[in-house]
There are 4 protein chains.
Amino acid sequence: MDDRSRARSAPRLFILQPASVVPIYRQLIDQVRRMVASGQLPPGTALPSVREMAAEYTVNPTTISKAYSLLEAEGLLQRNRGKPMTISARRRANGTVAQRLKQVQPHVEALVLAARQLDLREEDLAALIRKQMGEDT
Amino acid sequence: MDDRSRARSAPRLFILQPASVVPIYRQLIDQVRRMVASGQLPPGTALPSVREMAAEYTVNPTTISKAYSLLEAEGLLQRNRGKPMTISARRRANGTVAQRLKQVQPHVEALVLAARQLDLREEDLAALIRKQMGEDT
Amino acid sequence: MDDRSRARSAPRLFILQPASVVPIYRQLIDQVRRMVASGQLPPGTALPSVREMAAEYTVNPTTISKAYSLLEAEGLLQRNRGKPMTISARRRANGTVAQRLKQVQPHVEALVLAARQLDLREEDLAALIRKQMGEDT
Amino acid sequence: MDDRSRARSAPRLFILQPASVVPIYRQLIDQVRRMVASGQLPPGTALPSVREMAAEYTVNPTTISKAYSLLEAEGLLQRNRGKPMTISARRRANGTVAQRLKQVQPHVEALVLAARQLDLREEDLAALIRKQMGEDT
DNA sequence: GTGGTCTAGACCACA
DNA sequence: GTGGTCTAGACCACA
């Protein structure tokens with residue numbers, strides 16, 4: 001991804017946080033999975049190359065490579081000799097809403113646990129979420 | 001500890017998940033911090049002993065000890081030779097709502113990121129949260 | 001590591017005594033702090049890796065790791081993924097003499113208490129200190 | 001030691017610091033040894049009872065008791081049924097200066113190590129020691 | 001009974 | 001190669 005394309009800069013496809021306790025390769029895997037489930041990454045879509053990703057997110061190439069390899073092993077990505085990896089046609093065309101709700105459930109549980117221990121109310125959370133959904137990023 | 005005995009007993013003070021990517025000692029630290037901020041663990045409260053915690057959550061005592069030591073270094077816990085550690089009197093009397101909202105913000109961001117990538121709507125999240133807030137645990 | 005090899009090698013950076021009542025990890029923390037305060041360990045300096053330290057001082061790696069982690073929490077050390085930890089740039093550029101004198105004060109008090117109880121005179125102490133300052137180690 | 005005697009308050013015989021990394025019973029043992037070696041506690045001197053000491057220094061009686069027992073085992077203290085323990089006649093009547101210098105040596109080494117790492121000079125130490133020797137306590 | 005320190009050793013994320 | 005986490009278990013100081 002060269003400077004020009006970054007200047008135009010559609011918002012980034014993924015959000016990787018090196019400081020997080022969640023390993024970077026895990027963050028990437030989770031995000032690809034979700035975007036495939038929702039159809040935002042339809043079958044056939046080419047992902048950025050390992051090197052592009054590594055440069056874009058200033059992350060070690062082996063980290064990206066590890067995520068891609070695991071997604072390939074899972075059947076979600078497909079290797080194409082000499083060409084970028086693509087979203088596989090055969091698996092999880094499009095998750096049902098129920099399936100996708102299930103994927104978000106762990107985050108809901110973590111949030112509600114924190115909210116309870118902080119003695120916050122449902123309304124507080126609703127407001128924070130509304131605000132966050134409105135943000136660009 | 002089977003389900004029946006847990007039902008009879010008081011609900012657990014903390015929720016520790018060994019399978020999580022978040023280290024167990026970090027989970028405990030975060031939860032103590034939040035419950036102190038909300039006043040659910042007021043100054044002077046004695047925490048379960050290292051050994052009790054270790055037994056209750058089937059975790060190694062040194063893991064609990066690590067969390068307690070870090071909380072002591074932070075000033076949140078106070079050592080009492082030969083007696084259980086207690087919530088320190090001097091720090092963070094009671095967090096304001098604004099302070100507590102800030103503590104929950106990272107969880108909100110993680111949830112909203114996941115929801116977007118899964119193409120879920122604000123209403124979906126609101127429903128899941130309402131349901132989760134209603135649960136006993 | 002026999003005496004000869006130690007003579008040939010650079011003098012050790014730290015002195016860790018497992019037999020002391022002061023925990024090893026505390027000894028290391030104190031020494032790093034002091035050498036940072038005096039500028040003997042300037043910002044950016046790489047510390048020996050956990051494994052090197054453990055081998056050099058024949059101490060368990062987790063003991064070294066504990067010291068490093070606490071120094072990181074304190075802001076004195078900086079983690080560099082996959083690379084050795086370094087002295088953090090941002091904290092305590094260089095302690096003033098007054099600040100450093102304060103750090104040595106507890107040792108002065110312990111020495112003087114002992115000297116008094118042993119009925120030694122100031123001159124005795126001065127002589128011992130002069131001699132010790134002259135030693136290589 | 002009743003309130004009256006404390007009001008008159010000769011300076012305390014010992015200095016015990018509960019917060020120190022050195023165990024309290026060790027501190028007491030070291031101090032008794034030194035004062036015996038210097039003749040400040042001559043043979044036959046009665047030490048305060050375990051209870052008096054515990055009250056005076058607000059320390060657990062078992063801690064004092066442990067120190068006394070170890071000093072007795074060492075031959076320095078002598079048990080007298082129903083009466084206070086006394087400094088034993090038979091051992092170490094009076095240490096020579098050389099012997100006493102040897103006892104203070106570890107403190108000299110700790111101080112000089114710290115001073116070197118803090119990049120302090122001999123003169124700095126001499127000044128601090130002179131000041132400390134002048135203090136009442 | 002309480003917490004603290006340390007070891008030996010396994011396994012993980014990352015460069 | 002780097003550091004981080006965790007376990008199992010020993011031993012210690014203190015109440």
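Note that the structure is a prediction, hence the values are computed from the model and not measured. Chain A is the first sequence line, chain B the second, and so forth, proteins listed ahead of strands; every chain is numbered from 1.
Per the geometry, CG belonging to B/Leu71 stands 13 Å off P belonging to E/dG3, to the nearest Å. Rounded to a whole Å, the CG atom of C/Leu70 is 13 Å from the C1' atom of E/dT5. Going from atom CG of D/Leu16 over to atom P of F/dA13 covers 16 Å, rounded to whole Å. Computed from coordinates, the B/Leu47 CG to E/dT2 P distance equals 13 Å when rounded to whole Å. Distance D/Ile24 CD1 to E/dG3 P: 18 Å, rounded to the nearest Å. If you measure from atom CE of C/Met53 to atom P of E/dT7, you get 13 Å, rounded to the nearest angstrom. The nearest whole Å value for the distance from the CG atom in C/Leu77 to the P atom in F/dT2 is 16 Å. Here E/dA13 presents its C1' atom at 12 Å from CD of A/Gln27, a figure rounded to the nearest Å.
Comparing B/Arg81 and B/Thr62 by the nucleotide of DNA chain E that holds the closest heavy atom to each, the one mapping nearer the 5' end is B/Arg81. The nearest heavy atom of DNA chain F to B/Lys83 and to B/Pro23 marks one nucleotide each, and the one closer to the 5' end goes with B/Pro23. Comparing A/Arg26 and B/Asn80 along DNA chain E, the residue whose closest nucleotide (by nearest heavy atom) sits nearer the 5' end is B/Asn80.
Side-chain atoms of B/Asn60 come within donor-acceptor range of the base of F/dA8, with a qualifying N/O pair under 3.5 Å. In this model, a side-chain donor or acceptor of C/Arg51 finds a partner on the base of F/dG3 within 3.5 Å.
Side-chain contact check for B/Arg34 versus B/Gln103: some heavy-atom pair is nearer than 4.5 Å. The shortest side-chain heavy-atom distance between B/Lys66 and B/Leu70 falls under the 4.5 Å cut-off. In this structure, the side chains of D/Leu77 and D/Ile87 come closer than 4.5 Å at one or more pairs of heavy atoms.
Using the Watson-Crick or G-U wobble rule with both distances under 3.5 Å, F/dC14 pairs with E/dG1.
At E/dT2, none of the side-chain N or O atoms of B/Arg79 fall inside 4.0 Å of OP1 or OP2 (strictly under the cut-off). Considering only side-chain N and O atoms, B/Lys66 lies nowhere under 4.0 angstrom from the phosphate OP1 or OP2 of F/dC6. Under 4.0 angstrom from either OP1 or OP2 of F/dG1 there lies no side-chain N or O belonging to C/Ser49. Taking 4.0 angstrom as the limit, B/Ser69 places a side-chain polar atom (N or O) nearer than this to OP1 or OP2 of E/dG4. Residue B/Tyr25 places at least one side-chain N or O under 4.0 Å from the OP1 or OP2 atom of F/dT5. Residue B/Ser65 places at least one side-chain N or O closer than 4.0 Å to OP1 or OP2 of E/dG4. Distances shorter than 4.0 Å separate some side-chain N or O of A/Thr63 from OP1 or OP2 on E/dA15.
In this structure, C/Gln31 contributes its side chain and C/Ile15 its backbone to a donor-acceptor pair below 3.5 Å. Here the side chain of D/Arg12 pairs no donor or acceptor atom with the backbone of D/Tyr57 at under 3.5 angstrom. Between the side chain of B/Ser38 and the main chain of A/Gln117, a donor-acceptor pair closer than 3.5 Å is present.
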